[in-house]
Amino acid sequence: MVTKAKLHPRNQHAQGYDFARLVAQTPELEAFTILNPAGQTTIDFQDPSAVRMLNRALLKTHYDIEFWDIPQGYLCPPIPGRVDYIHHLADLLADGNDQNIPRGDQIRALDIGTGASLVYPLTGQREYGWHFTGSDIDAGALKSARHICEMNKLSIPLRRQNNPKNIFHGVIQPNDRFHLTMCNPPFHGSLESANKGTQRKWANLGKGRSTKLNFGGQNAELWCPGGEIKFVARMVEQSRDFTKQCLWFTSLVSKKDNLPPLNRILKKANVADCRIVEMAQGQKTSRFIAWNYMTKSQRIAFMKAAQA
């Protein structure tokens with residue numbers, strides 16, 4: 001296991017938010033800024049509108065995204081943590097590329113459940129120039145993602161997953177080749193569990209009882225029958241049908257306790273390599289699991305073929 005104590009060193013947000021710079025680029029953010037007890041500028045992270053405006057400013061200032069917005073109620077992801085996933089994936093690819101991070105649109109990534117925000121393709125494309133494809137089961141999310149692409153004149157293919165039982169099937173086409181697949185899976189097993197999780201979150205932050213979702217989220221973004229383990233298990237099962245088309249399959253795992261059963265599932269799938277990478281954002285620790293079915297020489301050949 002690779003343990004990281006803080007945001008990835010290439011993460012532009014590792015030193016915190018530069019609100020003076022953010023407000024200069026997005027003046028509308030100033031109306032949402034407040035001073036914390038230490039006299040530092042921040043925002044009220046319990047306010048969904050403030051969080052959305054902060055994301056808009058971050059994407060414009062750091063990733064040259066001139067337009068960004070999402071419909072009411074959709075997941076508004078925290079940018080620093082999401083970008084950390086991208087940077088660690090870059091390190092994963094470098095491991096099979098003579099420790100050189102591959103850049104450019106010959107590197108192809110599939111974002112499962114790309115969401116209304118399109119955050120991974122937007123940031124990953126700007127940071128490394130990779131070619132992203134996004135998929136989602138929600139028509140409203142894809143409509144929002146397409147609008148973001150159109151407004152920023154970006155070419156990011158978006159595919160609808162029409163079968164809720166499928167993850168890769170129906171999305172990966174016969175001629176596709178992906179160096180990475182990534183996913184932020186729904187981690188609750190029910191709507192009730194999602195609501196309880198929100199209450200625990202606010203209690204842990206000393207904010208009392210609240211059902212407010214400051215980062216939003218539709219049902220499909222927050223929960224599915226069987227929760228995170230069932231979702232990732234289905235992902236592992238279906239990944240076996242695309243062993244030659246995808247180099248690394250990866251997924252965030254929200255709960256550390258879910259790792260042992262997922263490791264058992266991967267062992268039964270006879271994967272060639274499995275890794276767990278821990279990431280830390282402030283007091284929170286997150287992680288992703290990565291697996292593939294190729295030998296080391298096959299992985300090197302897969303990378304070289306993309307750069308030929």
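Computed over heavy atoms, backbone and side chain alike; hydrogens, waters and symmetry mates excluded. Bear in mind the structure is a predicted one, so any value in this text is a computation, not a measurement.
Remark: the His131 side chain and the Arg108 side chain contain an N/O donor-acceptor pair separated by less than 3.5 Å. For the residue pair Asp241 / His169, a side-chain donor-acceptor distance below 3.5 Å is found, with atom types taken as modelled. Side-chain N/O atoms of Asn166 and Gln238 include a donor and acceptor closer than 3.5 Å.
Side-chain atoms of Arg82 and Asn55, non-hydrogen and from C-beta on, never get closer than 4.5 Å to each other. Ile112 is listed as a side-chain neighbour of Phe168, based on a closest heavy-atom distance under 4.5 Å. Side-chain contact between Met279 and His8 is absent, with no heavy-atom pair separated by less than 4.5 Å. Side chains of Trp248 and Asp273 form a contact here, defined as non-hydrogen atoms less than 4.5 Å apart. Side chains of Val23 and Thr41 form no contact here, defined as non-hydrogen atoms less than 4.5 Å apart. Residues Val171 and Asp176 have side chains not in contact (no heavy-atom distance under 4.5 Å, counting atoms from C-beta outward). Residues Arg126 and Leu154 meet the side-chain proximity criterion, which asks for heavy atoms closer than 4.5 Å. At a threshold of 4.5 Å between non-hydrogen side-chain atoms, the residues Asn263 and Ile276 count as touching.
Ring centroid separation for the pair Phe132 and Tyr120 does not come in under the 6.0 Å cut-off. With ring centers used as reference points, Phe178 lies 6.0 Å or more from Phe242.
Taking every heavy atom of both residues into account, Trp291 and Ser251 meet most closely at CZ3-N, 4.4 Å. Taking all atoms of both residues into account, the shortest heavy-atom contact from Arg159 to Thr133 is NE-CG2, 3.8 Å. When every heavy atom of Thr285 is checked against every heavy atom of Glu278, the shortest pair comes out as CG2-OE1, 4.0 Å. Listed here is the closest heavy atom pair of Ile137 and Arg160: O-NE, 2.9 Å. Of all heavy-atom pairs spanning Gly115 and Asp136, the tightest one is N-OD2, 2.9 Å. For Thr33 against Ile43, the heavy-atom pair with the smallest separation is CA-CG2, 4.3 Å.
Side-chain atoms of Asn11 come within 3.5 Å of backbone N or O of Pro80 as a donor-acceptor pair. A donor-acceptor pair under 3.5 Å links the side-chain atoms of Glu228 to the main chain of Ser254, judged by distance alone. Remark: side-chain polar atoms of Arg56 are not paired, donor with acceptor, to backbone N or O of Phe67 under 3.5 angstrom. A distance-only check finds no donor-acceptor pair linking the side chain of Gln106 to the backbone of Ala306 [under 3.5 Å].
Separation of atoms CG (Asp138) and OG1 (Thr114) is listed at 12.0 Å; rounding is to 0.5 Å. Here the CD-CD1 distance, from Gln125 to Ile107, works out to 13.5 Å after rounding to the nearest 0.5 Å. Rounding to the nearest 0.5 Å places CD of Glu66 at 8.5 Å from OG1 of Thr26. The distance from atom CG of Asp44 to atom CG of Asp47, rounded to the nearest 0.5 Å, is 5.5 Å. Atom CG of Leu110 sits about 5.0 Å away from atom OG of Ser135, to the nearest 0.5 Å. Considering CZ of Arg177 and NZ of Lys244, their distance stands at 10.5 Å, rounded to 0.5 Å.
The 12-atom threshold is not exceeded at CG of Asp98, counting heavy atoms of other residues, nucleotides or ligands nearer than 6.0 Å. Counting non-hydrogen atoms of neighbouring residues, nucleotides and ligands closer than 6.0 angstrom, the CD atom of Gln15 reaches no more than 12 such neighbours. Within a 6.0 Å sphere centred on CD of Gln25, heavy atoms belonging to other residues, nucleotides or ligands number more than 12.
In the hydrophobic clustering of ILVMFWY residues, with side-chain heavy atoms under 4.5 Å counting as a link, Met53 and Ile34 come out apart. Note: the hydrophobic cluster containing Phe19 also contains Phe45 (ILVMFWY, side chain heavy atoms under 4.5 Å, direct or indirect links). Leu158 and Met151 fall within the same hydrophobic cluster, defined by Ile, Leu, Val, Met, Phe, Trp and Tyr side-chain heavy atoms under 4.5 Å apart, directly or through other members. Under the 4.5 Å side-chain contact rule for hydrophobic residues, Ile300 and Leu89 do not share a cluster.
Under a 4.0 Å N-O distance rule, the pair Asp91/Arg10 qualifies as a salt bridge.
In terms of the ring-ring contact (aromatic ring centres under 6.0 Å, His included) criterion, residue partners of Tyr128 (sequence neighbours excluded) are, by chain and number, His87, Trp130.
Between His88 and Phe288, the two ring planes are tilted [angle within 30° to 60°]. In this structure, Tyr293 and Phe249 have perpendicular ring planes: the angle between them is above 60°, well past the 30° mark.
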Applying side chain to side chain contact (heavy atoms under 4.5 Å, CB included), run through Ile79 and Leu54 and close with a yes or a no.
-> CA-CA 9 Å; Ile79 301 297; Leu54 175 61; over 6 Å; no
Audit row: Ile156, Ile148, side chain to side chain contact (heavy atoms under 4.5 Å, CB included) steps and yes/no | CA-CA 10 Å; Ile156 300 173; Ile148 292 171; over 6 Å; no
Determine, step by step, whether Tyr74 and Ser117 satisfy the side chain to side chain contact (heavy atoms under 4.5 Å, CB included) criterion, reporting the C-alpha distance in whole Å, the side-chain angles of both residues, the deciding distance to 0.1 Å, and the verdict.
-> CA-CA 8 Å; Tyr74 279 88; Ser117 70; over 6 Å; no
Evaluate side chain to side chain contact (heavy atoms under 4.5 Å, CB included) for Tyr63 paired with Leu122, printing each intermediate quantity in order.
-> CA-CA 8 Å; Tyr63 305 98; Leu122 293 177; over 6 Å; no
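Considering Gln12, His62, Arg103 in turn, Gln12 is the only one that fulfils the side chain to side chain donor-acceptor pair (under 3.5 Å) rule with Glu127.
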